[in-house]
Amino acid sequence: MVSGWWLKPALFVGALAVVGCSGRVAPDLHRLYESGMEQRRVPPVIIVPGILGSRLRDADTGEELWPGSLYNVLFSARTLALDIDPSTLEPRPDRVEAYDLFRSVLGTDIYGAILSTLEHSGGYVRGIPGQKADPAQRRYYVCTDDWRQDN
């Protein structure tokens, strides 16, 4: 007959592991980012959003087309479709442009936490392509794209 002497200690150790892992401790992000400030020049962070991650607007009116309202998110696929030239199979030019990425939609965080962490904990500022940047300033860039178009 096999002895089960090990069962109680194993359950006790397992319970300790579960209790020890259940407490969630947030990292000190400010201290983490500060540790790299000794360097004179910190490379920029470049954020490339995934599909549907860039906000789209009408270039003439500035009206946001994506994500826009809840109605847009749920029913705008047809209105955002590209007009394709049947002879060339290329999209015809339109007045839709990508201009930013969105932080959240329908209560779901998309890029908000990343941007907040960079700005508040990391001390990063948003850089603007083509503008001279202070080499001592941490910066991030957002590369938006019209995700309806080919890469």
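In this chain, numbering begins with 1 at the start of the sequence shown. Just the heavy atoms: all of them, side chains too, but no hydrogens, waters or symmetry mates, feed the values below. Just so we're clear, the structure is a prediction, and the values are computed from it rather than from any experiment.
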Considering only heavy atoms from C-beta outward, does the side chain of [X] approach that of [Y] to under 4.5 Å?
{"X": "Asp83", "Y": "Asp94", "answer": "no"}
{"X": "Glu63", "Y": "Arg57", "answer": "no"}
{"X": "Cys143", "Y": "Ile46", "answer": "yes"}
{"X": "Arg126", "Y": "Asp100", "answer": "yes"}
{"X": "Thr144", "Y": "Glu97", "answer": "no"}
{"X": "Tyr141", "Y": "Val48", "answer": "no"}
{"X": "Arg103", "Y": "Leu115", "answer": "yes"}
{"X": "Tyr124", "Y": "Thr117", "answer": "no"}

Run the salt-bridge test on Arg139 and Glu119 with the 4.0 Å N-O cut-off and return the result as yes or no. no
More than 12 heavy atoms from other groups under 6.0 Å of CG on Asp150: no
Please check: side-chain N/O of [X] versus main-chain N/O of [Y], any donor-acceptor pairing under 3.5 Å?
{"X": "Trp147", "Y": "Gly50", "value": "no"}
{"X": "Asp58", "Y": "Gly62", "value": "no"}
{"X": "Arg138", "Y": "Pro44", "value": "no"}
{"X": "Ser54", "Y": "Asp146", "value": "no"}

Given the ring of Phe102, does Arg55 sit roughly above its face, with NZ or CZ under 6.0 Å from the centre of the six-membered ring and within 45° of the axis? no
Roughly how far, to the nearest 0.5 Å, is the CD1 atom of Ile110 from the CG atom of Leu101? 10.5 Å
Are Leu65 and Leu82 connected into the same hydrophobic cluster when the rule is that any two of I, L, V, M, F, W, Y join if their side-chain heavy atoms are below 4.5 Å apart? no
Between Tyr99 and Ile51, is there a shared hydrophobic cluster once you connect ILVMFWY residues whose side-chain heavy atoms come closer than 4.5 Å? no
Nearest heavy-atom pair of [X] and [Y]: which atoms, and what distance?
{"X": "Tyr140", "Y": "Ile47", "answer": "CD1-CD1, 4.0 Å"}
{"X": "Val125", "Y": "Gln137", "answer": "CG2-CG, 3.5 Å"}
{"X": "Arg95", "Y": "Asp60", "answer": "NE-OD1, 3.1 Å"}

Check the pair Ile84 / Glu90 against side chain to side chain contact (heavy atoms under 4.5 Å, CB included), numbers first and verdict last. CA-CA 6 Å; Ile84 304 295; Glu90 292 291 322; over 6 Å; no
